[in-house]
Amino acid sequence: MLDRVARLPAWLILLLVAIVARSVTFGNPVVHVDEEFYFVTARSMLEGALPYVDVWDRKPIGLFLLYTPAAALGMPLGIWGYQAIALAAVVGTALLVVRLCERAGWSRGALPAAIAYILWLNFLDGQGGQAPVFYNLLMTAAAAMLAPRPGDRANPARRFRLGLSALALVGLSLQIKYSVVFEGLFFGLWWMWREFKLGRGVPAILVRATALAAAAALPTLAAWGYYAAIGHGADWVYANFTSIGERRPDPLLEQLGNLAKIVLIASPLFALAAMAWRQRGQGRERAVQSWLFAWAGAALAGLLAFGSWFEHYALPVIAPLACCAAGFLSQHHHRRRAATLLLAWGLVGGIGTLLVKRQIRGDAAQFTAAAATVGKGPGCLYVYSGTSMLYAASERCRLSRYVFPSHLGRQREQGAIGVDQQAEIERILALDPAVVVIRKPYIGERQDLRALVMRRMDAAYRLQATVPMGNDRLSVYRRK
């Protein structure tokens, strides 16, 4: 049986693994609050809303555009749609991991490493459509273009062409999430360093590096240019850049706890990669191997630089780490046992993690019940706290551009969204939304704002129902 499986093409094995590993989440609209919001924003765009103006967030426009094909399908089919796109991105990234490992001389560990990439996404909230699930495909493709190749010295035109293509992919990735900037800087600086080592003069390097930098900057400049042309350039700059620096940091102990959790989750891959470092080969293969470790270091530096360290912040590290772990899985005399234990734990532990998170966050049946309680109208909906996906399911109108509930209710967003939180909530309530949804109190919530909303509920609304959503409960209020 195992021999038959081993003879299957790599893409088919990886596809089957990805389907099994991620099947727990298929069709669930409440996998994670982030992708719920991405879907709602994409749906709003299809109805004519303009991100940063009509729907506010800090994410680049490319992320919302990725969701629009699925959002066009509506609900519930659109949920399956974006999860299918994410599945394809995961399998594509894993195939590139295989290719990079083979080029590094780690062929025997290539497929186990690629499978580990798929499985470890589940531990770090990458089971759905988080931004790194998509841009990891582009960044790993860029890495495959830049990694050392035989004959590099004799092919300056090829080096420039591949470098330009790689930095263009970085540019597209920046419009999915700006956190790729650290990996992008590494790619560009490494390309310049290699050109210098191969004997090209500094002026020539700088001219070509300017072209590479332009390729990386072009998508972001195009987005800014579009918004500037329609009179919203300042809105775009504030949402995409200025507001990030105004957000309040989470408590240090909370951040360190998050980082410790990431280290613990990724520790098997870190350990295998560390042991592989000592087993690097010679010649051309050693050059590729060392490059993969350098890429992993750049991705890790990007993770550490951003702070907060929510679990999904570590997703960009998994692809280069898996490549490096392939060194151990390919060369060590205990490689078969290590691969078996690693992948067994990844599969069982990853699916177990998803089952626990579904128990905590909710499932499709609970969401359907909540959406039915809210109903489809008439009248507008205000989700003070809870899942923003109710906007898409109910098709009710919104009363604010702040669709992501935490933007108005969380302490760390105070003074960082371009409007006073309390004033905006008071404005929304003054417009008498027909239905208001409120979850249980949560850590980091501004209790004064909750009290304000609850006073309004007591005065002008009746509690229609309280419905479960995982470990949480959503209270649905209807205007008297």
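Formation of a donor-acceptor pair under 3.5 Å by the Glu246 side chain with backbone atoms of Ala416 is not found in this model. Side chain of Tyr238 to backbone of Gly418: a donor-acceptor contact under 3.5 angstrom is found. No side-chain donor-acceptor contact under 3.5 Å links Arg462 to the backbone of Arg479. Not a single donor-acceptor pair under 3.5 Å links the side chain of Arg478 to the backbone N or O of Ala434. A donor-acceptor pair under 3.5 Å is absent between the side-chain atoms of Asp125 and the main chain of Leu315, judged by distance alone. Looking at Arg22, its side chain does come within 3.5 Å of a backbone N or O of Gly126 through a donor-acceptor pair. Formation of a donor-acceptor pair under 3.5 Å by the Gln83 side chain with backbone atoms of Thr25 is found in this model. Arg43 places no side-chain N or O within 3.5 Å of a backbone atom of Ala70 that could act as its donor or acceptor partner. A donor-acceptor pair under 3.5 Å is absent between the side-chain atoms of Glu183 and the main chain of Met139, judged by distance alone. With Arg396 contributing its side chain and Val374 its backbone, the two residues share a donor-acceptor pair below 3.5 Å.
Side-chain atoms of Pro112 and Leu343, non-hydrogen and from C-beta on, do get closer than 4.5 Å to each other. Inter-residue side-chain proximity for Leu463 and Ser475 is flagged as met; some heavy-atom pair is nearer than 4.5 Å. No side-chain heavy atom of Arg361 sits less than 4.5 Å from a side-chain heavy atom of Met469. Contact annotation: the side chain of Leu303 approaches that of Ile262 to within less than 4.5 Å [non-hydrogen atoms, C-beta and beyond]. Put simply, the side chain of Tyr477 does not reach to within 4.5 Å of the side chain of Val435, judged on heavy atoms. In this structure, Ile417 and Leu408 have side chains that are in contact, with non-hydrogen atoms separated by less than 4.5 Å. When side chains are defined from C-beta on, Thr466 does not count as touching Leu474, because their heavy atoms never get closer than 4.5 Å. In this structure, the side chains of Phe270 and Leu300 come closer than 4.5 Å at one or more pairs of heavy atoms.
Tyr227 and Asp235 share no side-chain donor-acceptor pair at under 3.5 Å. Counted by atom type alone, Arg58 and Ser243 present one or more donor-acceptor pairs between their side chains at under 3.5 Å. Gln464 and Thr373 are not linked by any side-chain donor-acceptor pair at a separation below 3.5 angstrom, with hydrogens and angles left out of the test. Side-chain contact annotation: Ser44 with Arg398, donor-acceptor N/O pair under 3.5 Å present. A donor-acceptor pair shorter than 3.5 Å cannot be found between the side chains of Ser406 and Glu413. Under the 3.5 Å distance criterion, with hydrogens and angles disregarded, no donor-acceptor pair is assigned to the side chains of Ser388 and Glu36. Counting only N and O atoms by type, the side chains of Gln421 and Arg446 include a donor and acceptor under 3.5 Å apart. Side chains of Tyr135 and Ser179: a donor on one and an acceptor on the other come within 3.5 Å. Inspection of the Asn258 and Glu311 side chains reveals no N or O donor paired with an N or O acceptor under 3.5 Å.
Remark: Cys323 SG to Cys101 SG, distance not under 2.5 Å.
A salt bridge does not link Glu445 to Arg410: none of the charged nitrogens lies less than 4.0 Å from a carboxylate oxygen. Using a cutoff of 4.0 Å between basic side-chain nitrogens and carboxylate oxygens, Arg456 and Asp432 are scored as salt-bridged.
In this structure, Thr140 and Val97 approach most closely via the heavy-atom pair CG2-N, 4.4 Å. Of all the heavy atoms in Met45 and Leu65, the pair that sits closest is CE-CD2, 3.6 Å. Taking both residues in full, the closest heavy atoms of Val436 and Pro433 are given as CG2-CG, 3.8 Å, listed atom of the first, atom of the second, then distance. Here the closest heavy-atom approach between residue Trp295 and residue Ala319 is recorded as CH2-CB, 4.3 Å. When every heavy atom of Phe367 is checked against every heavy atom of Pro29, the shortest pair comes out as CD2-CG, 3.7 Å. Pairing each heavy atom of Leu137 with each of Leu96, the nearest pair is O-CD1, 3.7 Å.
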- Message: Apply side-chain contact (heavy atoms from CB on, under 4.5 Å) to residues Arg401 and Val55 and explain how you reach the verdict.
- Response: CA-CA 4 Å; Arg401 64 176 182 158; Val55 180; 5.6 Å; no

- Determine, stepwise, if the pair Asp472 / Arg439 fulfils salt bridge (charged side-chain N to carboxylate O under 4.0 Å, His left out). CA-CA 7 Å; Asp472 205 352; Arg439 61 172 287 198; 2.8 Å; yes

- Audit row: Trp80, Leu73, side-chain contact (heavy atoms from CB on, under 4.5 Å) steps and yes/no: CA-CA 9 Å; Trp80 290 85; Leu73 301 174; over 6 Å; no

- Which is it for Arg450 and Ser385 under the side-chain contact (heavy atoms from CB on, under 4.5 Å) test, yes or no, and what are the steps along the way? CA-CA 9 Å; Arg450 169 174 280 271; Ser385 59; 3.9 Å; yes

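In this structure, His407 and Phe37 have perpendicular ring planes: the angle between them is above 60°, well past the 30° mark. Below 30°, between 30° and 60°, or above 60°: for Phe39 and Tyr82 the angle between ring planes is between 30° and 60°, a tilted geometry. Note on ring orientation: taking the six-membered ring where Trp is involved, the planes of His312 and His32 are perpendicular (angle over 60°, cut-offs 30° and 60°).
The OG1 atom of Thr41 sits 9.0 Å away from the CG atom of Leu63 when rounded to the nearest 0.5 Å. Atom NZ in Lys177 sits 11.0 Å away from atom CG in Asn136 (nearest 0.5 Å).
The number of heavy-atom neighbours closer than 6.0 Å to CD of Gln359, taken from other residues, nucleotides and ligands shown, is 12 or below. Other residues, nucleotides and ligands place more than 12 heavy atoms under 6.0 Å from the CG atom of Leu431.
Proximity of the aromatic rings of Phe310 and Tyr313 is defined here by a centroid distance below 6.0 angstrom, and this criterion is met. For Phe241 and Trp236, the ring centers are positioned less than 6.0 Å apart.
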